[in-house]
A.B. asks: 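Before I ask anything, here is the structure I am working with.
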Amino acid sequence: MFKKYDVIVVGAGHAGCEAAAAAANLGSSVLLITMNMGTIAQMSCNPAMGGVAKGQIVREIDAMGGFSGIIADKTTIQFRMLNLSKGPAMWSPRSQNDRMRFAEEWRLQLEKLSNLDFWQDTVKEIIVKNGKAAGVVTSLGIEIEATAVVLTNGTFLNGLIHIGDKKIGGGRTAEKAATGLTEQLQHLGFESGRMKTGTPPRVDGRSLNYNLMEEQWGDTKRGRFSFTEVPINTEQRCCWITYTNSDVHETLKEGFDRSPMFTGRIKGLGPRYCPSIEDKINRFAERDRHQIFVEPEGWNTVEIYVNGFSTSLPEDIQYKALRKIVGFENVRMFRPGYAIEYDYFPPMQLDLTLETKLIPHLFFAGQINGTTGYEEAASQGLLAGINAHQRIHDLHELIFKRSESYIGVLIDDLVTKGTEEPYRMFTSRAEHRLLLRQDNADERLTPIAHKLGLVDDERLEKVATKVAQSEQLVDYMRKTSVSHQTMNPVLEQVGSSPIHQNTRMFHILSRPQVSIQHLAKADQAFSHMLDHYAEEVVEQAEIKVKYDSYFEKENEIVNKMKHMESREINPQFNYNQLVSLSKEAREKLMKIKPRTLGQASRISGVSPSDISVLMVHMS
């Protein structure tokens, strides 16, 4: 019934979809196995993509030929560029999406891939032959062979749903848990742990009084994630903001004695930066209110996502507390919020390619590695799918550097430092975030994708044109002066000091108050010139001018680190023979087996003196 596949991907969430698509687009024969064909790419929690740092990841996935950005753009109901009041390193695109259409578009996209097959079943076991992953066994007892296996099990491994004192086995509401796989992996020698995440109640939008809430509209000019020209709908839906209050908090406290978080029934650690509402009012008792985002779940549904009200309290307490929120006085609840515990495998058991160290040709991606968020999962799936293909075809593996992408930061953090709580990406985690902006993801990564074969010549040429044109503008501003007679009135309007002679545009644009459009106001010829360039080209040119000196310093730092990152270490090296290393360093280095001296330097417990010992030994 089944041929032998190049790659089997287990799980069809965000990680699984990107993994299957990447391997298939590279030419591998792929089988995507999911427990339910009707929930491919299901947005289990918030129907939204992007956000702070996450938006950068979505753009990087798109630049690499992945589909998350395209699907998000096709299904957006509201788009906002966050942090525009800050520098461009912090600008982060975010979209609110139509939940049902998002899943539908992902499935339609996957069905276009001729060498991708689907199978609805549960994987119970990995087939291991000659020490390598060689296929899977399903709950129906079917053995399916493959040369590589990618596990993207999400929250389904021994998933346990908590609502008050009720416990329900499941990987998601109304969907059963996956059992047996954790136990087999443990038997093979893998270390596992438990994590927890949660979701808020969903309510009937017809029962809300929006007149009592603050409107929150998207950007006037709708942006996009994808660097492609995928058609987008410029129409947008409104979201709203309201707040909890002391009455809400007191009502929630009535259920604390039945809270699985406070009674100890939940053992796994939850996401630090996305706490439940009961955790918020317990940890931040001094606050008398917390913000609630009221977000539609799609274009043609009345279902509302109550963002900021994640909870596992009893359903009667949830309902009672919701009705005390301004605008929710007559709310009808569709389904309660819940917490879910699930198994994960500490990611220090992986190589930087996301291949497991214990079992060659077996890859892990997504929440199985201890991350949280669609974007983090999708980026891991992309990398695992690429490397599964590369591995079995004896091609060069793909490892992103920390200075190259947020994806590189994410993978390096997981593999080198591990995580004991759900890992979420932030801009602060990237030491070179000024170089890793959302606007230049295509410049950084599309050449890599083209070399792999994930994007075509036309797309690479588009990036090259964008780079060349932005450099043309920068060069023009370096060489061209603007008259002080025409420039000073504009400078006065923006509160910037006047100039006393004709001055190069480059120097004027370096001022924080001055934009490239201010230069255009003062110079008619320059204004006409800008009309011939795409908006993204003009934006790139402006950023390059304003942050020119910062880029220079940042690149100097990256270049200084290159010698550390390029000093490779034999993965079979026995660190125990170096008695000059601290005991902790020897233990950590033997466990993680870093690829380079740079990676070794980032391991917790490995001191600068330990690195000096390694450098002397390697010289």
Side-chain angles (χ1 to χ4, degrees), residues 44-48 51 78 80 96 161-168 173 196-217 237-266 269-297 301-341:
S44 308
C45 199
N46 191 359
Q78 188 188 97
R80 296 175 66 214
Q96 195 70 26
I161 292 171
H162 295 266
I163 304 174
D165 49 15
K166 300 180 179 72
K167 292 193 292 187
I168 308 161
T173 183
K196 167 253 175 186
T197 189
T199 193
R202 310 306 200 270
V203 303
D204 187 340
R206 296 169 299 182
S207 64
L208 303 181
N209 185 351
Y210 298 107
N211 293 325
L212 300 178
M213 306 179 200
E214 301 172 21
E215 286 188 342
Q216 185 186 49
W217 285 97
R237 280 202 67 175
C238 184
C239 295
W240 294 266
I241 296 173
T242 186
Y243 299 87
T244 63
N245 52 58
S246 56
D247 287 343
V248 175
H249 298 178
E250 290 305 314
T251 302
L252 290 169
K253 289 176 184 177
E254 293 175 14
F256 278 12
D257 61 338
R258 290 187 285 160
S259 165
M261 281 184 57
F262 299 141
T263 58
R265 285 193 297 276
I266 291 179
L269 281 174
R272 178 189 302 263
Y273 303 102
C274 189
S276 65
I277 188 64
E278 56 265 36
D279 197 22
K280 287 180 189 176
I281 62 175
N282 186 55
R283 285 166 50 191
F284 307 108
E286 73 283 0
R287 297 189 185 177
D288 57 8
R289 71 174 192 171
H290 293 282
Q291 200 168 44
I292 301 294
F293 296 93
V294 181
E295 299 172 334
E297 297 241 337
T301 178
V302 297
E303 190 170 357
I304 294 291
Y305 182 88
V306 189
N307 193 347
F309 205 85
S310 174
T311 181
S312 58
L313 288 170
E315 64 275 14
D316 59 319
I317 295 294
Q318 294 186 35
Y319 181 61
K320 188 177 176 182
L322 278 172
R323 290 175 71 91
K324 295 187 177 181
I325 296 174
V326 173
F328 280 65
E329 292 81 2
N330 298 306
V331 69
R332 291 188 295 273
M333 192 162 67
F334 279 168
R335 49 192 167 119
Y338 61 86
I340 180 168
E341 279 188 290

A.B. asks: Contact between F309 and I325 at the side-chain level, heavy atoms closer than 4.5 Å - yes or no?
C.D. replies: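 Yes, close enough: below the 4.5 Å cut-off.
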A.B. asks: So does K196 get a backbone contact from the side chain of E341, meaning a donor-acceptor N/O pair under 3.5 Å?
C.D. replies: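 The answer is no, because no donor-acceptor pair under 3.5 Å joins these two groups.
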A.B. asks: Testing T251, N245, D247, T244 for side-chain hydrogen bond (donor to acceptor under 3.5 Å, both in side chains) with K324, which one passes?
C.D. replies: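 For K324, the side-chain hydrogen bond (donor to acceptor under 3.5 Å, both in side chains) test succeeds with only one of T251, N245, D247, T244, which is T251.
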A.B. asks: Nearest 0.5 angstrom please: N282 CG to F262 CZ, how far?
C.D. replies: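 The CG atom of N282 sits 4.0 Å away from the CZ atom of F262.
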A.B. asks: Within a strict 4.5 Å, meaning less than it, do heavy atoms of the R332 and F334 side chains meet?
C.D. replies: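 No, side chains not in contact.
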A.B. asks: What pair of heavy atoms forms the shortest contact from R272 to R283, and how long is it?
C.D. replies: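 Here R272 and R283 meet closest at O-NH1, 4.1 Å.
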A.B. asks: Could you tell me whether a side-chain N or O of Y210 sits under 3.5 Å from a main-chain N or O of W240, the two making a donor and an acceptor?
C.D. replies: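 Pair absent, no side-chain N/O of Y210 close to backbone of W240.
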A.B. asks: Could you tell me whether the side chain of I304 reaches within less than 4.5 Å of the side chain of E295, counting heavy atoms only?
C.D. replies: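 No - every pair of side-chain heavy atoms lies 4.5 Å or more apart.
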A.B. asks: If we only count heavy atoms from C-beta on, is the F328 to L208 side-chain gap below 4.5 Å?
C.D. replies: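 Side-chain contact under 4.5 Å: yes.
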A.B. asks: If you compare all heavy atoms of L322 against all heavy atoms of P201, which two are closest, and at what distance to 0.1 Å?
C.D. replies: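 Residues L322 and P201, closest heavy atoms: CD1-CG, 3.8 Å.
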A.B. asks: Here's a test for you: under side-chain hydrogen bond (donor to acceptor under 3.5 Å, both in side chains), which of D316, T263, D165 qualifies with R258?
C.D. replies: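 The side-chain hydrogen bond (donor to acceptor under 3.5 Å, both in side chains) with R258 is passed solely by D316 among D316, T263, D165.
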A.B. asks: Are side-chain heavy atoms of K167 and H162 found at a separation under 4.5 Å?
C.D. replies: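 Yes - at least one pair of side-chain heavy atoms lies under 4.5 Å apart.
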A.B. asks: Measuring from atom CD of Q291 to atom OG1 of T242, what distance do you get when rounded to the nearest 0.5 angstrom?
C.D. replies: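 Interatomic distance, Q291 CD to T242 OG1, rounded to 0.5 Å: 9.5 Å.
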A.B. asks: Going from CD1 on I163 to CD1 on I168, what distance comes out if it is rounded to the nearest 0.5 angstrom?
C.D. replies: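 Between atom CD1 of I163 and atom CD1 of I168 there are 4.5 Å.
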A.B. asks: Side chains of T199 and Y305, heavy atoms from C-beta outward: is any pair under 4.5 Å?
C.D. replies: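 With C-beta onward as the side chain, the pair touches.
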A.B. asks: Please answer whether the main-chain N or O of G308 pairs with a side-chain N or O of K280 as donor and acceptor at a distance below 3.5 Å.
C.D. replies: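 Looks like yes, one N/O pair under 3.5 Å.
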A.B. asks: Is the backbone of G164 close enough, under 3.5 Å, to the side chain of R265 for a donor and an acceptor to pair up by distance?
C.D. replies: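 It does hold such a pair.
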A.B. asks: Taking all non-hydrogen atoms of both residues, which atom of S312 and which atom of M261 are closest, and how far apart?
C.D. replies: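 Nearest pair, atom of S312 first, then M261: OG-CG, 4.2 Å.
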A.B. asks: Please report the shortest heavy-atom distance between C45 and R202, naming the atom on each side.
C.D. replies: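 Looking at all heavy atoms of both residues, the closest pair is O-NH2, 3.4 Å.
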A.B. asks: Return the minimal non-hydrogen interatomic distance between E278 and S310, and the atom names on each side.
C.D. replies: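 It is OE1-O, 3.8 Å.
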A.B. asks: Do other residues, nucleotides or ligands put more than 12 heavy atoms under 6.0 Å from R289 CZ?
C.D. replies: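 Open.
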A.B. asks: Indicate the atoms forming the closest heavy-atom contact of Q318 with G337, along with that distance.
C.D. replies: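 That closest heavy-atom pairing would be OE1-N, 2.7 Å.
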